[in-house]
Visitor: 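Would you mind keeping the following structure in view while I ask a few things?
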Amino acid sequence: MSSRLALRSFAVLLTLGAACGGTSTPPGPPVLPPLNGTFMDTGDLPGPRFGHQAVRLKDGTVLIAGGYDFAGEIMSALRYDPGSGTFAATGDMRAARWTHPALLQDGRVLFAGGMTRTGPIGSAEIYDPAAGTFTDTHDLHTGRQLASVTLLPDGTVLVAGGLDAGAFPLQSAERYDPQTGTFSATGSLRTARAAHSATLLPDGRVLIAGGSSDSALASAEVYDPALGKFLATGSLDTARMYHSATLLTTGKVLVIGGEGTSGILSSAETYDPQTGRFAPAWGLPAPLAQVTATLLQSGNVLLAGGADQDTGFSSPLAGEWVLAPGAWAATGGLGEARYGHTATLLTNGRVLVVGGLRNSSVLATAELYVP
């Protein structure tokens, strides 16, 4: 049983890092000239929330759904209009949950399984932007939290790993078919894991990296949708969970930050799908977990906020991971330090940062990053 991960599966949102000691800090990145990117306020949320989900819809608005405040789960959902800079209510979720959403090819949004204060759930639901409503779809075969959710090129959705109701890491995976509204079993992961990353590669395969099976994992594997199987690939240079993973314009995957076996990490590495290997890269100037990573239209990656070492306190850190020479460059800092937030690229190239935690306070504020 993954007791450590089970205890932290919800508490990570509140006190990430509080149970960790030590740090893993490689030599600092080279100092690049600061960039001109800045954060500016936009309209506030009607109420505070963290651990919510955010997805940019096909009309350019952003759906903000679910999450938590210190009173409990939040079932309400909002849509952000970049034109007016305001949030407006839309239909409530069928079940409050923390899970990664998948924007389906027809413009609807799938929410499958997820985490609550009492454990994982097996239900799934669909948001219809045209109607502004959530409706039930078929349940997962297995309730799971801290799983990955990935839209595949054929329009189906891969849901892999996570923790079951007994807090055991799962090796199973399922695929959701929007045409039938049902889940079906697919190949098993090579290693049971939760709190991992899943990144769709240019060739349609999915890179599953890191996570935890009891402690942080360095192993990685690749899901081949054509075969319905998980295949071996190279291991991470550093074991990590609660990290970010971003597909770069080069086709490589940037893996950065997270929590390792002895503390929160500042290190980064890149995965090359051509060789199946990870290589160290320049990382963050400070250890952070739950830092958001957003691919900008320039090809750089915006890294913002996160939880710092040992205290679980939020960070105002913000900057861009510059594609060439692959190093950190500072930008204007966040207006409010935060983690447990979301960061969503808008069609105009700006990034919407919403909610989260600032130390022990749940935030109702939102900011825009202007590159």
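Everything quoted here is computed from the prediction, not taken from an experiment. Computed from heavy atoms alone, side chains included, the values below leave out hydrogens, waters and symmetry copies.
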Visitor: As a quick check of understanding, evaluate side chain to side chain donor-acceptor pair (under 3.5 Å) for R97 and S123, giving each step before the final call.
Guide: CA-CA 10 Å; R97 67 184 80 225; S123 66; 3.0 Å; yes
Visitor: Following the transitive rule for hydrophobic clusters with a side-chain heavy-atom cut-off under 4.5 Å over Ile, Leu, Val, Met, Phe, Trp and Tyr, establish whether W321 and L317 coincide in one cluster.
Guide: yes
Visitor: If you measure from CG on L170 to CG on D164, what distance do you get to the nearest 0.5 Å?
Guide: 4.5 Å
Visitor: Taking all non-hydrogen atoms of both residues into account, name the closest pair between G60 and P82 and its distance.
Guide: O-CG, 3.4 Å
Visitor: Show the nearest heavy-atom pair for residues V159 and A147, with the distance to one decimal.
Guide: CG1-CB, 4.3 Å
Visitor: Evaluate the side-chain contact (heavy atoms from CB on, under 4.5 Å) criterion for residues L200 and L151: first the C-alpha distance (whole Å), next the side-chain angles of each, then the deciding distance (0.1 Å), finally the verdict.
Guide: CA-CA 8 Å; L200 182 67; L151 178 68; over 6 Å; no
Visitor: Taking all non-hydrogen atoms of both residues into account, name the closest pair between P46 and L78 and its distance.
Guide: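 Scanning both residues completely, I find the closest heavy atoms to be CD-CD1, 3.5 Å.
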Visitor: Heavy atoms only: give me the nearest P153-G204 pair and the separation to one decimal.
Guide: CG-CA, 3.7 Å
Visitor: Tell me whether Y176 is reachable from F111 by hopping between hydrophobic residues (I, L, V, M, F, W, Y) whose side-chain heavy atoms are closer than 4.5 Å.
Guide: no
Visitor: Keeping the roles fixed (side chain from Q171, backbone from L189), state whether a donor-acceptor pair exists under 3.5 Å.
Guide: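 Yes, Q171 side chain to L189 backbone: donor-acceptor pair under 3.5 Å.
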Visitor: Just by distance, no angles: are the side chains of T365 and R358 close enough, under 3.5 Å, to form a donor-acceptor pair?
Guide: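 Absent: no donor and acceptor within the cut-off.
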Visitor: Does the side chain of Y127 come under 3.5 Å of the side chain of T90 through a donor N or O and an acceptor N or O?
Guide: yes
Visitor: Might you point out which heavy atoms bring T150 and A198 nearest each other, and give the distance in Å?
Guide: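 Of all heavy-atom pairs spanning T150 and A198, the closest is OG1-CB, 3.4 Å.
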Visitor: Under a 3.5 Å threshold, yes or no: a donor from one side chain and an acceptor from the other, between T61 and R79?
Guide: yes
Visitor: Evaluate the criterion side-chain contact (heavy atoms from CB on, under 4.5 Å) for residue pair M115 and L146; output intermediate values, then yes/no.
Guide: CA-CA 7 Å; M115 185 168 74; L146 299 176; 4.2 Å; yes
Visitor: Decide if atom CG of N348 counts as having more than 12 heavy atoms of other residues, nucleotides or ligands within a radius under 6.0 Å.
Guide: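 It does: N348 CG has more than 12 such atoms within range.
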Visitor: Applying side-chain contact (heavy atoms from CB on, under 4.5 Å) to M93 and Q53, what does each step give before you reach the verdict?
Guide: CA-CA 11 Å; M93 301 187 80; Q53 304 96 40; 3.9 Å; yes
Visitor: Establish, from distance only, whether the side-chain atoms of Y80 and T344 form a donor-acceptor pair under 3.5 Å.
Guide: no
Visitor: Mind checking the CG-CZ spacing from L140 to F183? Nearest 0.5 Å is all I need.
Guide: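 Going from CG on L140 over to CZ on F183, the span is 4.0 Å.
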Visitor: Compare all side-chain heavy atoms of W282 with those of L32 and state whether any distance is below 4.5 angstrom.
Guide: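 No. Closest side-chain heavy atoms not under 4.5 Å.
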Visitor: Within the structure provided, determine whether P273 and R205 are in side-chain contact (heavy-atom separation under 4.5 Å).
Guide: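 In short, these two side chains touch, coming nearer than 4.5 Å.
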Visitor: Test side-chain contact (heavy atoms from CB on, under 4.5 Å) on R193 and I208 and set out the steps.
Guide: CA-CA 10 Å; R193 66 183 78 224; I208 306 290; 3.5 Å; yes
Visitor: Does a side chain donor of either R240 or S197 reach within less than 3.5 Å of an acceptor in the other side chain?
Guide: no
Visitor: Should L296 and V351 count as side-chain neighbours, where that means a heavy-atom distance under 4.5 Å?
Guide: yes
Visitor: With the side chain counted from C-beta on, respond yes when L247 and L295 share a heavy-atom pair under 4.5 Å apart, and no when they do not.
Guide: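 They are not in side-chain contact.
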Visitor: Sub-3.5 Å donor-acceptor pair from the side chain of K58 to the main-chain atoms of Q105, do we have one?
Guide: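 Present.
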Visitor: Is there a side-chain contact between L152 and Y223 (heavy atoms, below 4.5 Å)?
Guide: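 When only atoms from C-beta onward are counted, Y223 and L152 do touch, with a gap below 4.5 Å.
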Visitor: Could you tell me whether the side chain of S314 and the main chain of N359 form a donor-acceptor pair under 3.5 Å?
Guide: yes
Visitor: R144 side chain to A194 main-chain N or O, any donor-acceptor pair under 3.5 Å?
Guide: no
Visitor: Is there a donor in the side chain of T294 and an acceptor in the side chain of Y369, or the other way round, less than 3.5 Å apart?
Guide: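 No.
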Visitor: Are I126 and L104 side-chain neighbours, meaning at least one heavy-atom pair lies under 4.5 Å?
Guide: yes
Visitor: Rounded to the nearest 0.5 Å, what separation is found between the NE2 atom of H196 and the CG atom of L207?
Guide: 10.5 Å
Visitor: For atom NE2 of H138, is the number of surrounding heavy atoms from other residues, nucleotides or ligands below 6.0 Å larger than 12?
Guide: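 At most 12 heavy atoms, drawn from other residues, nucleotides or ligands, come within 6.0 Å of this atom.
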Visitor: Between atom OG of S267 and atom CG of L236, what is the distance when rounded to the nearest 0.5 Å?
Guide: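 Going from OG on S267 over to CG on L236, the span is 9.5 Å.
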Visitor: CZ of R277 to OG of S235: how many Å apart, nearest 0.5 Å?
Guide: 11.5 Å
Visitor: Check whether any side-chain N or O of E174 sits under 3.5 Å from a backbone N or O of V157 as a donor-acceptor pair, and report yes or no.
Guide: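 Pair absent, no side-chain N/O of E174 close to backbone of V157.
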Visitor: Quick check against the 3.5 Å criterion: does W98 have a side-chain atom that pairs as donor or acceptor with the backbone of F50?
Guide: no
Visitor: Out of curiosity, does L35 fall in the hydrophobic cluster containing L334 (side-chain heavy atoms, cut-off under 4.5 Å, transitive links)?
Guide: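 Result: no, two separate clusters.
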Visitor: Using the rule that Ile, Leu, Val, Met, Phe, Trp and Tyr join whenever any side-chain heavy atoms are under 4.5 Å apart, tell me whether L345 and L248 fall into a single cluster.
Guide: no
Visitor: Do K229 and D224 come close enough that some side-chain heavy atom pair is under 4.5 Å?
Guide: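 Sidechains of D224 and K229: no contact.
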Visitor: Side chains of T233 and Y271: is there a donor and an acceptor less than 3.5 Å apart?
Guide: yes
Visitor: Under 3.5 Å, side chain of R175 to main-chain N/O of P225, donor-acceptor pair present?
Guide: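 A pair under 3.5 Å: yes.
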Visitor: Do Y339 and V362 belong to the same hydrophobic cluster, where Ile, Leu, Val, Met, Phe, Trp and Tyr are linked whenever their side-chain heavy atoms lie under 4.5 Å apart, directly or via other members?
Guide: yes
Visitor: Heavy atoms only: give me the nearest A95-E125 pair and the separation to one decimal.
Guide: N-OE2, 3.1 Å
Visitor: Okay, side chain of E320, backbone of T331: is any donor-acceptor separation there less than 3.5 Å?
Guide: no
Visitor: For a 4.5 angstrom cut-off between non-hydrogen side-chain atoms, does L201 reach V253?
Guide: yes
Visitor: Quick check against the 3.5 Å criterion: does E221 have a side-chain atom that pairs as donor or acceptor with the backbone of F230?
Guide: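 Side chain of E221 to backbone of F230, a donor-acceptor pair under 3.5 Å: no, none is there.
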Visitor: To the closest 0.5 Å, what do you measure between CG (D69) and NE2 (H52)?
Guide: 12.5 Å
Visitor: Tell me if a side-chain donor or acceptor on R190 pairs with a main-chain N or O of S219 at a distance below 3.5 Å.
Guide: no
